[in-house]
Each structure stands twice: as structure tokens, then as C-alpha cells.
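One is the number of the first residue; the rest follow in order along the sequence. Computed from a prediction, not measured in an experiment: that's the story for all the values here.
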Amino acid sequence: MRLCIARTWDGRPVEPAEQAVLELEVDATSVRLTVDAPYHGDPRPPASPGRLDRLWEHEVVELFLLGADDRYLEVELGPHGHYLVLVLAGRRQVERQALLIEYAAEITGRRWRGWARLPRAYLPPRVERGNAYAIHGVGAARRYLACFPVPGERPDFHRLEAFGPLLLV
């Protein structure tokens with residue numbers, strides 16, 4: 001499955017150079033994610049690569065996978081090798097955190113790629129909807145992009161009703 005992050009959070013198209021792509025492959029035991037995104041040069045998180053709380057405050061690409069009973073998985077991947085994985089049971093209700101995955105990222109010029117592998121057991125039951133996002137910029141220049149727009153007064157990536165249909169095998 002391929003998700004293209006090609007709009008602002010509220011639905012306006014962005015230039016191709018700002019678009020990011022997230023690809024998913026699911027097998028019997030794992031979920032593999034690949035990110036291809038522009039590198040905006042935001043300040044690097046002040047921690048070594050690996051799991052990092054509040055990664056959304058930095059340059060990041062995010063994936064949300066929604067299953068039955070509003071249970072969902074949030075995966076955040078950054079260009080410097082940082083990640084965050086949360087399992088939620090209801091909107092913004094973190095059920096499991098500090099989850100570990102395999103993750104590596106590489107910056108090449110003005111783009112970055114990331115490769116993640118996580119246990120299929122992290123997925124909620126019956127995933128049928130989801131969304132992908134990219135965040136970059138500092139201060140007033142901060143940009144919030146989405147695969148499926150999340151209309152409202154401000155960007156809120158936990159608007160489960162705005163997630164689009166997904167087909168995971």
C-alpha cells in the first residue's frame with residue numbers, strides 16, 4: 001500500500017517537491033514501512049537516534065492505522081533515526097507506549113528515506129482506515145500535511161472520522 005502525503009492538513013494541494021510518500025507491506029509477522037520525504041533541515045532532536053517521546057515536535061512523517069472500536073496505532077518516523085510508536089484505545093487515549101521497533105533513516109541532499117519494521121501484533125484488530133501526515137518547519141513556518149485532509153479550525157491528526165479507507169492484507 002502506498003500513501004501520498006500531498007495536501008495541507010485542511011486539504012489544499014502542495015507542490016510535488018514538498019510531498020512525502022509512505023509505503024506499507026504487511027506479512028504474517030510484521031509491518032514494514034518505507035518513507036521517502038523532502039528533508040527540510042529542521043533542528044535535530046537533542047537525543048540519540050531511537051525511541052523519542054514527543055517526536056511530533058520535530059520534522060516527522062506519521063502513520064495512523066485505525067481498527068475496530070476506535071483502537072489505533074500511531075507510528076512517527078524522523079529523518080535523524082528517531083521514532084515513536086503508540087497504541088491507542090479511543091481518541092488520544094494511550095494504551096501502550098515506549099514500544100520498540102527496528103528503524104533506520106538516511107538523509108541524502110534535500111530528501112530523506114526511512115525504513116521501519118514493527119511486529120504485526122502492534123496493529124489493532126480489523127484495520128480498515130488510516131491516515132498519514134508530515135510535519136516540518138519551525139515557529140510560524142510550521143507546516144502540517146496530510147494524505148486525507150482533517151478539516152477543522154487547526155490541525156488535529158487524531159480526528160478519526162477523517163481517516164480514509166485502507167486495505168491491509
Contacts of type salt bridge (charged side-chain N to carboxylate O under 4.0 Å, His left out), residue [X], not counting sequence neighbours:
| X | answer |
| --- | --- |
| E25 | R32 |
| R154 | none |
| R44 | none |

Q: Could you tell me whether R142 atom CZ has more than 12 heavy atoms of other residues or ligands within 6.0 Å of it?
A: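 Atom CZ in R142 is packed in, count exceeds 12.
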Q. So, do V75 and L65 sit near enough that their side-chain heavy atoms are less than 4.5 Å apart?
A.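 Contact flag for V75/L65 side chains = no.
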Q: Mind jotting down which residue pairs meet the side chain to side chain donor-acceptor pair (under 3.5 Å) criterion with at least one end in residues 15-24? Sequence neighbours excluded, please.
A: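 Listed once each, the pairs are R2-E23, E18-H136, E18-R143.
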Q.
Clusters formed by hydrophobic residues whose side-chain heavy atoms approach within less than 4.5 Å: which one holds Y144, and what are its other members?
A.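 The other cluster members (ILVMFWY side chains, heavy atoms under 4.5 Å, direct or chained) are W9, L52, L55, W56, V60, F64, L66, Y72, L84, L86, L88, V94, Y133, I135, V150, F157, L160, F163.
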**Q.** D27/R120 under side-chain contact (heavy atoms from CB on, under 4.5 Å): CA gap, chis, key distance, verdict
**A.** CA-CA 8 Å; D27 63 30; R120 186 175 176 138; 5.9 Å; no
Q) Between the side chain of E95 and the main-chain N/O of A89, is any donor-acceptor distance below 3.5 Å? A)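 Here the side-chain-to-backbone pair does not exist.
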Q: Could you tell me which non-hydrogen atom of P79 sits nearest to which non-hydrogen atom of E59, and how far apart they are?
A: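 Heavy atoms only, the tightest pair is CD-O, 3.3 Å.
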(Q) Please determine whether side-chain contact (heavy atoms from CB on, under 4.5 Å) holds for the pair V85 and Y122, giving the CA-CA distance in whole Å, both sets of side-chain angles, and the decisive distance to 0.1 Å. (A) CA-CA 9 Å; V85 179; Y122 289 177; 4.0 Å; yes
**Q.** Where at least one partner belongs to residues 90-110, residue pairs that pass ring-ring contact (aromatic ring centres under 6.0 Å, His included), sequence neighbours excluded
**A.**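 Passing the test, one end in residues 90-110: no pairs.
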